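Bear in mind the structure is a predicted one, so any value in this text is a computation, not a measurement.
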Amino acid sequence: QVQLVESGGGLVQPGGSLRLSCVASGNILSFYAMYWYRQAPGKQRELVATITRSGNTNYADSVKGRFTISRDNAKNTMYLQMNSLKPEDTAVYYCKTSFGYWGQGTQVTVSS
C-alpha cells in the first residue's frame, strides 16, 4: 500500500505562485507515471499534468506555459510549480500514481 501526501496549497493573489509537493511512502520509480489532478467546486476532477518515469511531461491546455511538473526520485516526491495563477485555478489539487493511488488533496485558492 502506497500513501501519498500533498502539501503546499494555500491562498494566493492572482498572478502569484505556489509549489505543490506530493510525497510517496514508496519508491516512485515503481510507477510508470504520476499525475496532478484538480477539482473545483461543482466541477468534475480534471487532469492537470502528467510525468512519466522517463521524465516526459504533458499538460492540460489551461495550464500550459504556467505550470511545471517535476519529480525527485531520490526524495520520492513529485512537484507542481504553479506560476501566473488565475482565479479559475482555484481547486483541490490531488496527486495520483499509475497504479491508482490517490493523495488526500491540498486546497489552492486564488483570490484578491
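Counting heavy atoms from C-beta on, the side chains of Ile69 and Met78 come closer than 4.5 Å.
With rounding to the nearest 0.5 Å, the separation of CG in Leu11 from CD in Gln13 is 8.0 Å. With rounding to the nearest 0.5 Å, the separation of CG in Asn73 from CG in Asn27 is 7.5 Å. The CG atom of Leu20 sits 9.0 Å away from atom CD of Gln81, with the distance rounded to the nearest 0.5 Å. Taking CG from Asn83 and CG from Leu18, the interatomic distance works out to 9.5 Å, rounded to the nearest 0.5 Å.
Listed by chain and number, the residues in a ring pair (Phe, Tyr, Trp, His ring centres under 6.0 Å) with Phe67 amount to none (sequence neighbours excluded). With sequence neighbours excluded, the residues satisfying ring pair (Phe, Tyr, Trp, His ring centres under 6.0 Å) with Phe99 are Phe31. A search for ring pair (Phe, Tyr, Trp, His ring centres under 6.0 Å) contacts involving Tyr79 returns nothing, not counting sequence neighbours.
Hydrophobic clustering (ILVMFWY, side-chain heavy atoms < 4.5 Å, transitive): Trp36 and Tyr101 are in one cluster. By the rule that hydrophobic residues join a cluster once side-chain heavy atoms approach within less than 4.5 Å of another member, Trp102 and Tyr35 end up as members of one cluster. Connection of Leu80 to Val12 is established within a shared hydrophobic cluster, with ILVMFWY side chains joined at heavy-atom distances below 4.5 Å, either directly or through further cluster members. Both Tyr93 and Leu4 are part of a single hydrophobic cluster, where members link through side-chain heavy atoms under 4.5 Å apart.
Within the 3.5 Å criterion, the main-chain N or O of Ser7 finds no donor-acceptor partner in the side chain of Thr106.
For the salt bridge (Lys or Arg N to Asp or Glu O under 4.0 Å) condition, the pairs that include at least one residue of residues 89-100, sequence neighbours left out, are Arg38-Asp89, Arg66-Asp89. Applying the salt bridge (Lys or Arg N to Asp or Glu O under 4.0 Å) test to residues at least two apart or on different chains, none of the pairs has a partner in residues 2-21.
Around atom CD of Glu88, more than 12 heavy atoms belonging to other residues, nucleotides or ligands sit under 6.0 Å away. The number of heavy atoms from other shown groups lying within 6.0 Å of CD (Gln3) does not exceed 12.
Cluster partners of Val5, using a side-chain heavy-atom cutoff of under 4.5 Å among ILVMFWY residues and allowing indirect links: none.
Under the 3.5 Å distance criterion, with hydrogens and angles disregarded, no donor-acceptor pair is assigned to the side chains of Thr109 and Ser111.
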